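Single-structure report; data block below.
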Protein chains: 2
Amino acid sequence: MSQTVDRALSILPLLAEGPADLGQVADRLGVHKSTALRLLRTLHEHGMVYRQSDQRYRLGARLFALAQEAMENLDVREIAHAHLVRLNESCGHTVHLAVYEENEVLYIDKVESRYPVRMYSRIGKPVAITVAAVAKLLLADLPEHERRALAEKLDYPMYTARSTPSAAAFLQELATVREQGWATDLGGHEESINCVAAPIRGADGRVVAAMSVSAPNVVVTADELLTLLPLVRRTADTISGEYSGRTPVKGTSA
Amino acid sequence: MSQTVDRALSILPLLAEGPADLGQVADRLGVHKSTALRLLRTLHEHGMVYRQSDQRYRLGARLFALAQEAMENLDVREIAHAHLVRLNESCGHTVHLAVYEENEVLYIDKVESRYPVRMYSRIGKPVAITVAAVAKLLLADLPEHERRALAEKLDYPMYTARSTPSAAAFLQELATVREQGWATDLGGHEESINCVAAPIRGADGRVVAAMSVSAPNVVVTADELLTLLPLVRRTADTISGEYSGRTPVKGTSA
DNA sequence: AGGCGTGTTGCGTTATGTGCAACACCCATT
DNA sequence: AATGGGTGTTGCACATAACGCAACACGCCT
């Protein structure tokens with residue numbers, strides 16, 4: 001829509017791959033060096049881009065700060081956090097909170113396992129959408145057509161033998177999940193890791209977030225993990241209640 | 001420099017404060033609604049901005065992903081992490097890793113205290129630059145003129161009675177820190193919290209990051225915390241060694 | 001010294017972004 | 001139902017503001 005902004009923003013993912021100098025940026029954008037320079041300068045002024053000592057450009061600090069601030073303003077997160085911590089204290093495993101946004105599912109909070117073996121995941125990181133338990137819950141609640149369209153568009157990487165293999169299988173799984181009101185991922189992302197998840201709903205019943213408990217086989221078996229399901233669901237319901245009870249909108253004045 | 005990009009980027013911090021609708025954005029930018037709309041659309045296409053169900057705009061998922069990716073590409077962080085965890089395991093307190101960038105100091109990694117009382121801080125959040133122990137180390141290593149210029153430009157908020165009160169006092173403190181090769185913050189940010197910190201250096205001796213151990217008075221006294229100094233310094237030195245041995249690129253100046 | 005590879009600047013051209021005004025829409029209110 | 005104020009959206013004529021160029025400045029290597 002806006003060519004200049006479009007180009008400027010295209011620089012960011014490019015720099016996310018690693019530092020680059022002016023020439024490289026200009027080339028990959030397909031513009032003149034002088035143009036790239038002006039764009040980079042503007043990005044720099046806003047702190048989105050940083051110039052390291054060797055003159056190459058990196059993503060800048062403001063980016064972190066922005067992501068940070070945005071995250072803290074998510075009200076589901078704020079409400080849920082204390083409950084996630086409590087759940088972690090009572091079961092000891094890693095607890096995640098995730099939301100759906102624009103064809104992606106991403107973690108917005110995480111409480112680390114107390115066991116030495118930890119899962120790799122990071123707040124802000126997009127989730128393996130076709131297999132994660134939280135993703136299933138979030139997608140299962142999408143309107144029919146949107147869900148179907150998305151399912152067709154996705155890739156179905158076989159992380160393990162138990163990964164969801166196809167759109168058809170995925171839609172089937174989503175139907176089950178929607179009906180039962182909870183979801184699992186039993187070794188579908190990493191062979192030895194299992195998760196159980198439950199949905200958090202807003203006042204209108206729509207799923208606004210999902211939470212999960214994850215643990216590796218070496219700590220508890222899948223069956224043992226499933227015994228936590230009632231606790232997870234109860235926690236999710238508590239959060240739902242608190243979330244929908246509260247004033248849904250925040251202050252609009254500035 | 002580039003007006004359009006400048007305006008577009010100005011939208012982001014604005015949205016970081018909370019969701020806003022088209023009119024609000026246009027007003028605060030001082031542009032016509034149609035202009036704001038085009039900018040927002042471009043931001044949207046790049047996933048930097050998300051349109052929630054009530055039509056208001058929020059910061060988008062790509063922003064998190066970018067911040068995430070950028071963070072993971074910081075090689076100091078990658079190298080340091082395991083050591084930070086180990087230090088945390090041996091002393092139990094909160095461990096931070098911070099870098100300096102463009103007049104700001106920010107945390108890029110954190111390992112939580114094992115004690116129930118935890119500090120408030122977050123990865124990506126800018127640090128209280130005039131009092132934090134890690135900030136002192138990072139600023140102490142700046143070239144003379146830059147350090148002086150920055151010190152003059154800063155505010156010196158009195159978080160507590162022990163906060164650094166003025167540029168002069170700050171520069172004095174930085175001189176001490178530079179000489180001794182480590183730093184503390186004894187209740188300068190929050191009355192009851194103390195920190196000890198040590199620098200991480202690149203191959204050329206320049207300080208590239210700083211790490212600290214923090215604990216509240218209720219857990220250990222300042223004196224007890226100081227007994228950890230040798231351990232902290234040793235850890236920092238180990239990281240320095242690994243960092244400068246490894247990366248063949250970077251820091252070829254001087 | 002020379003030459004190459006950077007990043008940087010000023011400038012004329014025109015594509016590009018702009019504000020306007022009219023339109024479409026939703027929802028409260030009467 | 002009809003009205004009216006509040007949104008977000010579109011098309012267009014105009015001139016601003018972004019573009020590429022070509023020349024320059026600087027550091028680095030031979």
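Note that the structure is predicted; figures quoted are calculated from it, not measured. Order of the sequence lines fixes the chain letters, A, B, ..., with proteins taken first and strands second; residue numbering starts at 1 for each chain. For the numbers below, each heavy atom of this structure counts, side chains included, while hydrogens, waters and symmetry mates do not.
Listed pair B:Arg41 / D:dT10 meets the phosphate criterion, a side-chain N or O lying under 4.0 Å from OP1 or OP2. Taking side-chain N and O atoms only, B:Arg56 has no distance below 4.0 Å to OP1 or OP2 of D:dT7. Residue A:Ser34 places none of its side-chain N or O atoms closer than 4.0 Å to OP1 or OP2 of D:dC19.
Between the CG atom of A:Asp21 and the P atom of D:dC28 there is a distance of 15 Å, given to the nearest Å. One atom, CG of B:Leu37, and another, P of D:dT10, lie 7 Å apart when rounded to the nearest Å. Atom CG in B:Asp54 sits about 10 Å away from atom P in D:dG8, given to the nearest Å. Regarding A:Leu22, its CG atom lies at a distance of 19 Å from the P atom of D:dA25, rounded to whole Å. One can place CD of A:Gln55 at 13 Å from P of D:dC26, the figure rounded to the nearest angstrom.
Here chain A contacts DNA chain C (any atom closer than 4.0 Å to a heavy atom, that is under 4.0 Å), and the contacts span C:dG7 to C:dG17 from 5' to 3'.
Every residue meeting the salt bridge (charged side-chain N to carboxylate O under 4.0 Å, His left out) condition with A:Glu144, not counting sequence neighbours, appears here in chain and number order: A:Arg147, A:Arg148.
Salt-bridge formation is detected for the pair B:Arg62/A:Glu104: a Lys NZ or Arg NE/NH1/NH2 atom is positioned less than 4.0 Å from an Asp or Glu carboxylate oxygen.
Between A:Gly23 and B:Thr4, the residue whose closest nucleotide on DNA chain C is further toward the 5' end is A:Gly23. Nearest-nucleotide positions on DNA chain C for B:Arg38 and A:Lys33 put A:Lys33 closer to the 5' end.
In summary, of the residues considered (B:Leu106, B:Leu66, B:Ile108), a side-chain contact (heavy atoms from CB on, under 4.5 Å) with A:Phe64 occurs for B:Leu106 alone.
Nearest approach of A:Ala36 to A:Val25, heavy atoms of both residues: CB-CG1, 4.3 Å.
For the atom pair CG (B:Leu59) and CD (A:Glu101), the distance works out to 9.5 Å, reported to the nearest 0.5 Å.
Distance from the side chain of B:Gln3 is smallest to D:dA18 among D:dA18, D:dC19, D:dC21.
No side-chain heavy atom of A:Thr235 sits less than 4.5 Å from a side-chain heavy atom of A:Val232.
In this structure, A:Glu179 places its CD atom where only 12 or fewer heavy-atom neighbours from other residues, nucleotides or ligands lie under 6.0 Å away.
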